[in-house]
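Report on one structure; see the data block that follows.
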Amino acid sequence: MANYTELVSGLCQVFRSGKTKKFDWRFQQLTKMLKMLEENKDKFCEALKKDLNKSKMEACLTEVDFCRNDLVYCMNNLNEWVKTEKVKKNFINLMDTCYIKREPFGVVLIIGAWNYPIQLTLLPMIGAIAAGNCVVLKPSEMAIATAELLEGLLPKYLDNECIKCVNGGIPETTALLAEKWDYIFYTGNSAVGKIVMQAAAKHLTPVTLELGGKSPVFVDDNCDLSIVANRILWGKCTNAGQTCIAPDYVMCKKETQDSLAEAMKKTLREFYSDNPAKSPDFGRIINDRQFQRLKKIMDHLGGGKVAVGGETDETQRFIAPTILTDVKFSDPIMQEEIFGPILPIITVQNEDEAINFILNHEKPLTMYIFSQNSTLIEKFLESTSSGSVCVNDTLMQGSVPTLPFGGVGNSGTGAYHGKFSFDTFCHKRAVMERGLRMESVNSIRYPPCTETKLNR
Ligand code: NAD
């Protein structure tokens, strides 16, 4: 079994030297990361094509340019973020200086997932470096081409003494997790999230867990269903449904279901023509295991009917964008996160039935509400909980760097993107600086206890 004790102790020593804490070092590394993204854009797109058949537009929009934008935002603001933060004081502290000093944790481990193999590794790394940490990055072994590319490029651009990339699968990740880290940032499924948290607990290491779950969509009556269909299907079909914040299932009234399914049929034809298998814009399932898992869902539909799609091709790991109608909450597809291009529609009596279903299950990573009724929107916001919410669109909430990206409960703990990434990788150290004068004021808190002191 691999052993990373030396790797980690080496990084601890470098961290102690103070090299990574210097602002210039952080800024220089971020500049080099930007250069890496710009000079290798085509290579990144090619790797994503190989791993997931991502189109160039999708690869740029959701991975390469996505990271670039976050990186530029970070570089433009880092000067401000690193400043100490003065805090309000009360009367007895008026003469003191009180502030929060953001300091790096030390040596941090970042474990990425395969579905956005560039974004899910580089985005947290931006925060970790900006905060002044040493980093070990473990890309997902499932996205092979991207993992190899990262392993080759990172040492060419970044300071290899402080930033390491380790490739490998479960044995390597298990060995990494056995080490003592100052912070662990994990992205992936909730079951492995528990393994990561248990390993971290042995050393009381703080964690961020970016996990998944079934993210619901509620479609209210009286919405323009052609717009709703476009926006839901864009979110569902991006990366062939392998997106953590993809809409997992739709709930609407019986009267809305048939018109929505019809509108969705039209949208799919517009997006991918009548033959999505031939469309250059539609992705593939990452590997055979995931393909078989999705195929099994399609083979055991329960009450659901295929309104559109349903075709599969094992040789290409292709699953057609598929809309299912009349699905029941008890059907097999509703028992786990779908994580593929299959969209069940479930009819409900009213919004209360939808809210009750959400409340009776794990807190989702995100929630989508399509409605023009502010009272109904407020009702969902007030009575449910999820990592994020987006009203009248999908995925777009993840593109706002001033909004935290993360889950709650079973869908995760902690958040990142923009300044939230920087803050994630900083310990907020409370500092109080006092002078040595005015000792008479302090004498009231020293023993011995006297009546006079008590009655002041
Ligand atoms: P994955 O298989 O790539 O696993 C993620 C990481 O965990 C990999 O680096 C892998 O090596 C490691 N790993 C896997 N099994 C392990 C084990 N037994 N012990 C230690 N490490 C192990 O990705 P996945 O879990 O299939 O990812 C899909 C899930 O991740 C979905 O549930 C999705 O919703 C979620 N996800 C969440 C986010 C988010 O930001 N919240 C983003 C992407 C994916």
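Counting starts at 1 for both ligands and their atoms, in listed order. FYI, side chains are in, hydrogens and waters are out, and symmetry mates aren't considered; it's all heavy atoms of this structure.
- The contact set between ligand 1 and Ser140, taken as ligand atoms under 4.0 Å from a residue heavy atom, comprises 1 (P), 3 (O), 9 (O).
- A salt bridge does not link Glu46 with Lys50: every distance from a Lys NZ or Arg NE/NH1/NH2 to an Asp or Glu carboxylate oxygen is 4.0 Å or more.
- Here atom 12 (C) of ligand 1 lies nearest to Ile111 when heavy atoms of Ile111, Ile338, Thr174 are compared.
- Using modelled atom types and a 3.5 Å distance limit, the side chains of Thr366 and Ser388 yield a donor-acceptor pair.
- Near Phe339, meaning under 4.0 Å from any of its heavy atoms, are these atoms of ligand 1: 28 (C), 31 (C), 33 (C), 34 (O).
- Heavy-atom separations between Tyr116 and ligand 1 are all 4.0 Å or longer.
- Atoms of ligand 1 lying under 4.0 Å from at least one heavy atom of Thr173, given by number and element, are 11 (O), 20 (C), 21 (N).
- Ionic pairing of Glu85 and Lys428 is not present here: no N-O contact between side-chain nitrogen and carboxylate oxygen is shorter than 4.0 angstrom.
- Heavy-atom neighbours of Gln316 CD from other residues, nucleotides or ligands within 6.0 Å: above the threshold of 12.
- Near Phe405, meaning under 4.0 Å from one of its heavy atoms, ligand 1 places the atoms 40 (O).
- The side chain of Glu141, and not its backbone, has at least one atom closer than 4.0 Å to an atom of ligand 1 (non-hydrogen atoms only; side chain from C-beta on).
- Put simply, no part of Gly412 is less than 4.0 Å from ligand 1, judged by heavy atoms.
- Taking the six-membered ring where tryptophan is involved, the planes of Phe105 and His427 are tilted, since the angle between them lies from 30° to 60°.
- Here the shortest heavy-atom distance to atom 29 (C) of ligand 1, taken over Leu211, Asn189, Ile195, Leu365, belongs to Asn189.
- Those atoms of ligand 1 with a heavy atom of Leu120 less than 4.0 angstrom away are 42 (C), 43 (C).
- Atoms of ligand 1 lying under 4.0 Å from at least one heavy atom of Asn115, given by number and element, are 43 (C), 44 (C).
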